[in-house]
A.B. asks: 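Handing you this structure, nothing more for now.
Everything numeric in this text was worked out from a predicted model, so none of it was measured. Order of the sequence lines fixes the chain letters, A, B, ..., with proteins taken first and strands second; residue numbering starts at 1 for each chain.
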Amino acid sequence: MTDVTPLQAPIGTRDILPGESETFATLVGTFATMAQRYGFGLALTPVFEDVGVFHRGIGEQSDVARKEMYVFEDRGGRTYALRPEGTASIVRAFVQHHPTTPWKVWYVTPAFRYERPQAGRYRQHHQLGVEVLGTEDATLDVEVIALAWRFYESVGLRRVTLLVNSMGHAACRAIYLEHLSAHLSAHASSLCDEHREGWSRNPLRVLDCKKEECVAVTNAGPMLNDFLCDDCREHFAVVTAGLDAVGIAWAHAPRLVRGFDYYTRTTFEFIAEALGSAQNAVGGGGRYDRLAEQLGGEPTSGIGFGSGIERLMLALEAEGVALPAPALDAFVVDTTGGTAGLALVETLRAAGLAADRAYDGRSMKSQMKVADRSGASVALLIGPQEMASGTVTIRDLRNSDVADRQHSVTLADVVSAVREATNRA
RNA sequence: GUGGGCGUAGCUCAGUUGGUUAGAGCGCCAGGUUGUGGUCCUGGAGGCCGCGGGUUCGACCCCCGUCGCUCACCCCA
């Protein structure tokens with residue numbers, strides 16, 4: 001017997017359907033426009049990669065690599081992973097293709113992490129982002145942050161806090177890590193349950209811990225900023241001065257280390273204050289001056305930014321921001337049972353107008369209800385009378401003024417009549 | 001990986017101490033005479049009460065398991 005148990009989307013995933021997919025599409029469209037405006041080209045890379053791309057990229061000791069990756073073996077025995085974030089694949093592509101630098105690309109992609117789902121956290125979510133490879137110019141960091149900032153601004157998100165920090169480069173951070181490790185080692189017994197034993201695996205992660213015990217220990221310990229070399233200090237100064245110069249408000253977050261191991265120097269995060277939950281970071285990024293090397297390429301500086309689309313949608317909703325959704329221009333109501341309605345919607349569409357109609361020979365009243373629900377600006381009525389006279393009755397569906405709500409136009413004038421009615425809005 | 005809450009119509013939810021044919025609002029469909037939406041009125045369709053097992057004369061209700069949703073921790077977008 002066939003199993004007819006209804007199938008459903010996997011745990012932690014969800015369908016984004018008409019009603020909210022318009023918002024999704026608008027966000028992607030807006031980001032695409034802005035990225036293009038900033039000189040970025042679209043990069044499409046596979047959603048799965050050799051696990052090495054991510055292990056070497058985001059760090060074997062990061063939480064994402066250790067326990068959140070979807071890893072699988074294909075029929076040829078190769079071990080792949082669904083991408084948990086966007087940057088590593090882009091850098092892999094850079095290393096593989098040797099494009100001329102600076103290489104500026106943007107992307108939109110699903111990202112997968114095996115975690116327990118929760119508000120604003122899914123096993124598959126979507127990210128928008130940009131990456132730039134091949135320059136360590138600190139003013140570029142400002143541009144990348146600015147692009148993100150302007151993007152949030154232009155989609156209507158208002159309560160955003162930008163946190164920035166510098167993690168130093170390999171050498172100065174190594175020195176800091178020695179001091180930090182020494183400090184953590186001396187106070188290990190005072191750390192939280194998780195880090196008491198595990199701090200040495202990735203000392204920087206302890207800085208990210210929100211537990212009181214850990215915060216107390218790390219606050220009393222060495223601070224990363226005090227160990228920055230002159231170059232890194234200068235780089236950070238240029239970034240912050242640049243943000244000031246372009247009018248972007250920022251706050252220094254000395255404890256901001258972020259979850260991936262590849263970051264060097266500039267790191268930043270955008271907090272959506274409207275999201276009350278712990279998952280309030282809508283976007284973040286930073287510089288990664290070692291990543292290309294780790295993926296087998298020439299040493300190449302890079303910086304990127306990624307933003308979670310679902311979280312951004314939640315934040316917008318929390319702020320009561322509704323993005324305008326594209327609407328139909330005209331809805332054709334045809335009660336003649338022939339092909340007049342079909343021909344008319346096709347004419348309208350060919351003219352660049354959005355048009356739809358009803359099916360299954362419904363009554364005029366029924367078709368009018370569908371027209372109303374469709375959100376179309378006008379209804380175009382074709383009945384026996386119109387058929388006989390070669391005309392169409394155009395009816396305004398938005399305004400309820402009694403006078404002049406509908407009138408007759410010839411078939412030849414329908415397109416211009418719809419345009420006129422639509423623009424009148 | 002750990003812990004809490006919850007699974008009844010398409011949606012949001014009622015359902016009395018376990019007791020006949022499981023309800024409401026919204027939505028959907030059809031009508032309210034002679035071609036017209038958004039308001040109003042009338043009618044209708046639609047539920048293995050998540051799934052499996054147990055207790056009982058009898059289970060939407062109680063018990064166990066299971067699947068799923070949700071929230072939190074951790075971490076992140």
A.B. asks: What's the gap between B:C64 and B:A24 when it is taken at their C1' atoms, as a whole Å value?
C.D. replies: 33 Å
A.B. asks: Under a 4.0 Å threshold between the charged nitrogen and the carboxylate oxygen, would A:E115 count as salt-bridged to A:R123?
C.D. replies: no
A.B. asks: Just to verify, which of A:Q118, A:R121, A:E310 counts as forming a side chain to side chain donor-acceptor pair (under 3.5 Å) with A:Q279?
C.D. replies: A:Q118
A.B. asks: Can you check the A:L316 CG to B:A77 C1' distance for me, whole Å?
C.D. replies: 14 Å
A.B. asks: Say we look at B:C61 and B:G25: how far apart would their P atoms be, to the nearest angstrom?
C.D. replies: 26 Å
A.B. asks: Write down the distance between CD (A:E115) and C1' (B:G1), rounded to a whole number of angstrom.
C.D. replies: 12 Å
A.B. asks: Give the dot-bracket line for RNA chain B from 5' end to 3' end: parentheses for intra-strand Watson-Crick or G-U pairs under 3.5 Å, square brackets for crossings, | for inter-strand pairing, dots for unpaired.
C.D. replies: (((((((..((((.....[...)))).(((((.......))))).....(((((..]....))))))))))))....
A.B. asks: Could you tell me the separation between the CG atom of A:L157 and the C1' atom of B:A77, rounded to a whole number of Å?
C.D. replies: 13 Å
A.B. asks: Got a sec, which residues hit side-chain hydrogen bond (donor to acceptor under 3.5 Å, both in side chains) with A:S185, two or more places apart in sequence or on another chain?
C.D. replies: none
A.B. asks: Between B:C63 and B:U56, how far apart are the P atoms? Round to whole Å, please.
C.D. replies: 16 Å
A.B. asks: Using atom P of each nucleotide, how far apart are B:G10 and B:G3 to the nearest Å?
C.D. replies: 34 Å
A.B. asks: Rounded to whole angstroms, how far apart are CZ on A:R116 and P on B:A72?
C.D. replies: 13 Å
A.B. asks: Return all side-chain donor-acceptor pairs below 3.5 angstrom for residues 28-36 of chain A, not counting sequence neighbours, or 'none' if the list is empty.
C.D. replies:
{"unit_1": "A:T30", "atom_1": "OG1", "unit_2": "A:T26", "atom_2": "O", "d": "2.8"}
{"unit_1": "A:T33", "atom_1": "OG1", "unit_2": "A:G29", "atom_2": "O", "d": "3.0"}

A.B. asks: Could you tell me the separation between the CZ atom of A:R255 and the C1' atom of B:C75, rounded to a whole number of Å?
C.D. replies: 15 Å
A.B. asks: Do the side chain of A:Q279 and the base of B:C75 come within less than 3.5 angstrom through a donor-acceptor pair of N or O atoms?
C.D. replies: yes
A.B. asks: When you look at A:H187 and A:H183, which way does the ring pair (Phe, Tyr, Trp, His ring centres under 6.0 Å) test go after all the steps?
C.D. replies: CA-CA 6 Å; A:H187 299 86; A:H183 178 76; 4.4 Å; yes
A.B. asks: Check each residue of residues 282-289 of chain A for a non-hydrogen atom within less than 4.0 Å of any atom in RNA chain B, then write out the ones that pass by number, or none.
C.D. replies: A:V282, A:G283
A.B. asks: What residues, two or more places apart in sequence or in another chain, satisfy side chain to side chain contact (heavy atoms under 4.5 Å, CB included) together with A:E20?
C.D. replies: A:R14, A:I16, A:M313
A.B. asks: Can you list the residues that meet the side-chain hydrogen bond (donor to acceptor under 3.5 Å, both in side chains) rule with A:T109, with sequence neighbours excluded?
C.D. replies: A:R83
A.B. asks: For A:F236 and A:H252, I'd like to know if the aromatic rings sit close, meaning centre-to-centre distance below 6.0 Å.
C.D. replies: yes
A.B. asks: Residues in side chain to side chain contact (heavy atoms under 4.5 Å, CB included) with A:A318, at least two apart?
C.D. replies: A:A274
A.B. asks: Could you tell me how far B:U8 sits from B:A14 if I compare only their C1' atoms? Round to whole Å.
C.D. replies: 10 Å
A.B. asks: Please list, by residue number, the residues of residues 355-382 of chain A whose heavy atoms come closer than 4.0 Å to an atom of RNA chain B; answer none if no residue qualifies.
C.D. replies: A:R362, A:M364, A:K365, A:S366, A:M368, A:K369, A:D372, A:R373, A:L381
A.B. asks: Do A:E49 and A:R92 sit within salt-bridge range, that is, some charged N less than 4.0 Å from a carboxylate O?
C.D. replies: yes
A.B. asks: Please report the distance separating the P of B:C29 from the corresponding atom of B:G38, rounded so that it comes out in whole Å.
C.D. replies: 11 Å
A.B. asks: Rounded to whole Å, please give me the gap between CZ in A:R14 and C1' in B:U70.
C.D. replies: 14 Å
A.B. asks: Applying side-chain hydrogen bond (donor to acceptor under 3.5 Å, both in side chains), can you list everything that pairs with A:D413, at least two apart in sequence or on another chain?
C.D. replies: A:T410
A.B. asks: Check if the side chain of A:R405 and the base of B:G37 share a donor-acceptor pair of N or O atoms closer than 3.5 Å.
C.D. replies: yes
A.B. asks: Any idea how A:Y80 and A:F72 line up, ring-wise: parallel (<30°), tilted (30 to 60°), or perpendicular (>60°)?
C.D. replies: tilted
A.B. asks: Looking at A:R349 and A:D356, is there a salt bridge between them, counting it only when a charged N and a carboxylate O are closer than 4.0 Å?
C.D. replies: yes
A.B. asks: Check the distance between B:G37's C1' and A:D396's CG and give it to me in whole angstrom.
C.D. replies: 12 Å
A.B. asks: Taking only the P atom of each, what is the distance from B:C11 to B:G53 in whole angstrom?
C.D. replies: 26 Å
A.B. asks: Tell me, please, which residues at least two apart from A:Y152 pass ring pair (Phe, Tyr, Trp, His ring centres under 6.0 Å).
C.D. replies: A:F270
A.B. asks: Give me the distance, rounded to whole Å, that separates B:G47 from B:U21 when you measure between the C1' atoms they each carry.
C.D. replies: 14 Å
A.B. asks: What are the residues of residues 117-128 of chain A, sorted by number, that bring a heavy atom to within less than 4.0 Å of RNA chain B?
C.D. replies: A:Q118, A:A119, A:G120, A:R121, A:Y122, A:H125, A:Q127
A.B. asks: Could you tell me whether A:I11 contacts a base, only the sugar-phosphate backbone, or nothing, with contacts defined as non-hydrogen atoms closer than 4.0 Å?
C.D. replies: sugar-phosphate
A.B. asks: Extract all donor-acceptor atom pairs below 3.5 Å that involve side chains of residues 134-142 of chain A and protein atoms in other chains or at least two apart in sequence.
C.D. replies:
{"unit_1": "A:T135", "atom_1": "OG1", "unit_2": "A:D137", "atom_2": "N", "d": "3.0"}
{"unit_1": "A:D137", "atom_1": "OD1", "unit_2": "A:T139", "atom_2": "N", "d": "2.8"}
{"unit_1": "A:D137", "atom_1": "OD1", "unit_2": "A:T139", "atom_2": "OG1", "d": "2.6"}
{"unit_1": "A:D137", "atom_1": "OD2", "unit_2": "A:T139", "atom_2": "OG1", "d": "3.4"}
{"unit_1": "A:D141", "atom_1": "OD1", "unit_2": "A:R287", "atom_2": "NE", "d": "3.2"}
{"unit_1": "A:D141", "atom_1": "OD1", "unit_2": "A:R287", "atom_2": "NH2", "d": "2.5"}
{"unit_1": "A:D141", "atom_1": "OD2", "unit_2": "A:H235", "atom_2": "NE2", "d": "2.8"}
{"unit_1": "A:D141", "atom_1": "OD2", "unit_2": "A:T266", "atom_2": "OG1", "d": "2.7"}
{"unit_1": "A:D141", "atom_1": "OD2", "unit_2": "A:R287", "atom_2": "NE", "d": "3.2"}

A.B. asks: Rounding to an integer number of Å, can you tell me how far A:R395 CZ sits from B:G37 C1'?
C.D. replies: 7 Å
